[in-house]
Amino acid sequence: MTTSVTTRNRLTRWRRLPVAVAVALALTACGSSSGGDSGGGSGAKSITFWLSASAAQAQGYLDLAKEFEAKEGVKVEIVNVPYDGYQDKLRQAAQANSLPDAASVPSLDTIWINQLQDLGATANAPANKINKDLLTVQDGKVLCIPSDLTAAGLFVNKSLFDKAKVKVPADPNTAWTWDEFLAAATKVRTATGAKYDLVYDQSPARIRAFIYGHGGKGFQLGADNKYVTPDAATVQALSKFASLNDDKVMPKSVWGAGADPNALFKSGQVVAYFSGVWQVADFSESITSFDWASAPTPGPGHVTDINLGGKVVAFNNGDKADPAKKWVDYIFQPANYTKLAQVNGYLPVESGLTLNYPFKNKAALDAFQLYIKEIELADPISSYGFQSGTKLLLAGKSIQEDPTKVEMAKLINGQQDVKKTVDNIVSGLNQQIG
């Protein structure tokens with residue numbers, strides 16, 4: 001299946017939005033700023049590139065690294081590390097003067113933002129057709145280029161739905177509400193003997209979609225760049241979310257104790273999974289025991305949590321700086337970026353590309369079409385999370401550890417009420433930004 005993709009046309013609602021840089025996260029591995037394999041000037045013969053991705057979404061970078069080495073004579077050592085601990089390890093690397101030479105990071109961090117190279121030449125190259133609205137620019141300097149677009153969304157075990165003879169909507173224009181979805185999921189669970197209705201990523205970003213889908217505005221910044229007490233609809237949504245963790249609708253083990261929702265969904269014993277587009281490449285290869293499908297994000301309204309994927313950066317690491325910058329430029333040359341987007345299953349940030357995703361099953365191809373529609377339709381609130389992160393970052397502030405997961409776990413485990421949970425989230429966010 002061939003998908004003609006014009007990113008700019010799909011981002012109508014993004015036209016005035018800044019780039020996504022929400023929560024500062026980092027990674028592991030040894031740095032390279034003091035590497036000893038270089039000659040002089042720009043003669044370094046190897047660089048390091050850090051990322052945190054599934055094997056499926058790392059493969060595109062591995063393929064490009066081989067081609068880059070053959071063309072430029074520079075080896076790119078790709079270090080793929082677990083997401084957990086990413087933040088602290090990169091901060092530690094910055095403090096130890098051992099940052100990688102380039103990286104794909106979930107967001108920028110004030111502790112190392114001043115060590116980034118300007119990627120303006122690549123970002124603004126006419127041939128690359130990178131959407132300028134997606135760039136983070138400070139004092140005329142392009143700090144990063146997003147690798148891809150992402151959105152939160154719903155996956156279902158279609159085999160269970162079919163067995164229970166319950167229909168899954170296919171078009172976001174006729175999406176179900178959260179109440180309608182939960183009623184359908186319960187019907188499927190009881191009819192098929194499945195274990196749970198739903199598993200849900202333990203992520204502050206993902207729970208924003210639940211809040212927006214229940215009419216809340218979430219945790220927002222005031223005029224003084226401090227988080228304010230959220231609206232009543234947000235508090236009600238968090239209370240409802242906690243109540244669903246009853247070991248029937250949702251297992252308490254995920255948000256209450258950190259169990260892996262991905263593994264639970266893949267077991268085939270869960271009706272649905274709320275996660276995001278990054279799962280498609282993995283599911284297309286790893287789920288073989290049942291049929292799965294992407295389903296419209298429940299409303300009411302057209303809401304999700306829109307963000308960008310990895311933010312590709314190049315650090316100013318002495319004689320490694322030039323080849324690192326050249327590597328980033330290589331990634332975003334249209335022919336190379338097309339390969340990356342296809343292999344990794346990315347929704348692209350460049351326009352005018354024709355992508356032939358190599359997925360073997362129709363579910364994966366259909367999922368991309370669904371996400372494209374969801375991004376087109378998404379209400380502006382869907383992108384507030386990364387907008388607020390950008391605003392803080394460019395003011396020299398950032399959230400290092402979002403307290404939402406910890407505080408929601410306390411609520412779900414009966415250790416505190418929803419008011420205390422909300423108060424602790426707001427105060428925990430504000431303590432970090434001073």
Side-chain angles (χ1 to χ4, degrees), residues 7-8 11 14 17-22 24-27 31-33 41-42 44 47-51 60-61 64-65 67-68 71-72 74 76 78 90 93-94 99-150 307-341 344 346 348-353 386 389-390 393-394 398:
T7 304
R8 189 171 302 275
L11 296 175
W14 290 36
L17 302 181
V19 77
V21 277
L25 295 166
L27 57 172
S32 62
S33 60
S42 60
I47 58 172
T48 53
F49 181 71
W50 288 2
L51 55 78
Y61 289 108
L64 288 188
E67 296 175 9
F68 182 75
K71 181 178 180 181
E72 301 293 341
V74 177
V76 180
I78 294 180
L90 190 55
L99 286 162
D101 304 309
S104 176
V105 298
S107 64
L108 305 185
D109 191 333
T110 55
I111 197 170
W112 45 256
I113 194 173
N114 63 344
Q115 299 185 57
L116 295 176
Q117 297 192 64
D118 182 5
L119 301 178
T122 296
N124 297 314
N128 293 349
K129 297 182 181 178
I130 295 172
N131 192 317
K132 305 303 186 294
D133 296 331
L134 305 180
L135 302 175
T136 300
V137 182
Q138 185 177 49
D139 299 327
K141 177 181 178 180
V142 177
L143 303 178
C144 65
I145 302 174
S147 62
D148 60 307
L149 308 179
T150 72
N307 211 316
L308 304 182
K311 288 80 177 173
V312 179
V313 299
F315 290 98
N316 193 16
N317 284 347
D319 60 357
K320 304 294 187 80
D322 284 348
K325 198 170 185 178
K326 185 175 288 188
W327 160 242
V328 172
D329 185 74
Y330 187 81
I331 290 171
F332 289 99
Q333 291 171 19
N336 299 330
Y337 182 74
T338 295
K339 295 176 185 176
L340 180 71
N344 284 10
Y346 283 166
V349 296
E350 296 187 13
S351 64
L353 304 180
F386 75 70
T390 300
L393 182 85
L394 298 183
S398 65

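Note that these values count all heavy atoms, side chains included, but never hydrogens, waters or copies made by symmetry.
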Side-chain heavy atoms of [X] within contact of [Y], under 4.5 Å:
{"X": "Ile113", "Y": "Gln138", "result": "yes"}
{"X": "Trp50", "Y": "Leu99", "result": "no"}
{"X": "Pro146", "Y": "Phe386", "result": "no"}

Subject >> With Tyr330 via ring-ring contact (aromatic ring centres under 6.0 Å, His included) - residues at least two apart >> reply: Phe68
Subject >> For Tyr337, ring-ring contact (aromatic ring centres under 6.0 Å, His included) partners two or more places apart >> reply: Phe332
At their closest point, which heavy atom of [X] faces which heavy atom of [Y], and how far apart are they?
{"X": "Gly310", "Y": "Ser104", "value": "CA-OG, 3.4 Å"}
{"X": "Glu350", "Y": "Pro334", "value": "OE1-CA, 3.7 Å"}
{"X": "Ile145", "Y": "Ile130", "value": "CG2-CD1, 3.9 Å"}
{"X": "Phe315", "Y": "Pro100", "value": "CD1-O, 3.2 Å"}
{"X": "Ala94", "Y": "Ile111", "value": "CB-CG2, 4.4 Å"}
{"X": "Val142", "Y": "Leu135", "value": "CG1-CD2, 4.4 Å"}

Subject >> salt bridge (charged side-chain N to carboxylate O under 4.0 Å, His left out) contacts in which one or both residues fall within residues 111-127, not counting sequence neighbours >> reply: none
Original post:
Considering residues at least two apart in sequence or located in another chain, which fulfil the salt bridge (Lys or Arg N to Asp or Glu O under 4.0 Å) criterion with Lys339?
Top reply: Glu67
Original post:
Is the backbone of Leu116 close enough, under 3.5 Å, to the side chain of Lys141 for a donor and an acceptor to pair up by distance?
Top reply: yes
Original post:
Backbone N or O of Tyr346 within a donor-acceptor pair of the Asn344 side chain at under 3.5 Å?
Top reply: no
So how far is it from [X] [atom1] to [Y] [atom2], rounded to the nearest 0.5 Å?
{"X": "Ile331", "Y": "Ser147", "atom1": "CD1", "atom2": "OG", "result": "9.0 Å"}
{"X": "Asp109", "Y": "Asn114", "atom1": "CG", "atom2": "CG", "result": "10.5 Å"}
{"X": "Thr390", "Y": "Leu308", "atom1": "OG1", "atom2": "CG", "result": "8.5 Å"}
{"X": "Gln115", "Y": "Asn316", "atom1": "CD", "atom2": "CG", "result": "8.0 Å"}
{"X": "Asn336", "Y": "Leu64", "atom1": "CG", "atom2": "CG", "result": "5.5 Å"}
{"X": "Thr110", "Y": "Leu394", "atom1": "OG1", "atom2": "CG", "result": "11.5 Å"}

Subject >> Residue that, paired with Phe49, satisfies side chain to side chain contact (heavy atoms under 4.5 Å, CB included) out of Ile78, Asp101, Val328 >> reply: Ile78
For residues 119-128, which side-chain donor-acceptor pairs fall under 3.5 Å, sequence neighbours excluded?
{"from": "Thr122", "atom 1": "OG1", "to": "Asp329", "atom 2": "OD1", "distance (Å)": "2.7"}
{"from": "Asn124", "atom 1": "ND2", "to": "Gly120", "atom 2": "O", "distance (Å)": "3.1"}
{"from": "Asn128", "atom 1": "ND2", "to": "Thr122", "atom 2": "O", "distance (Å)": "2.8"}

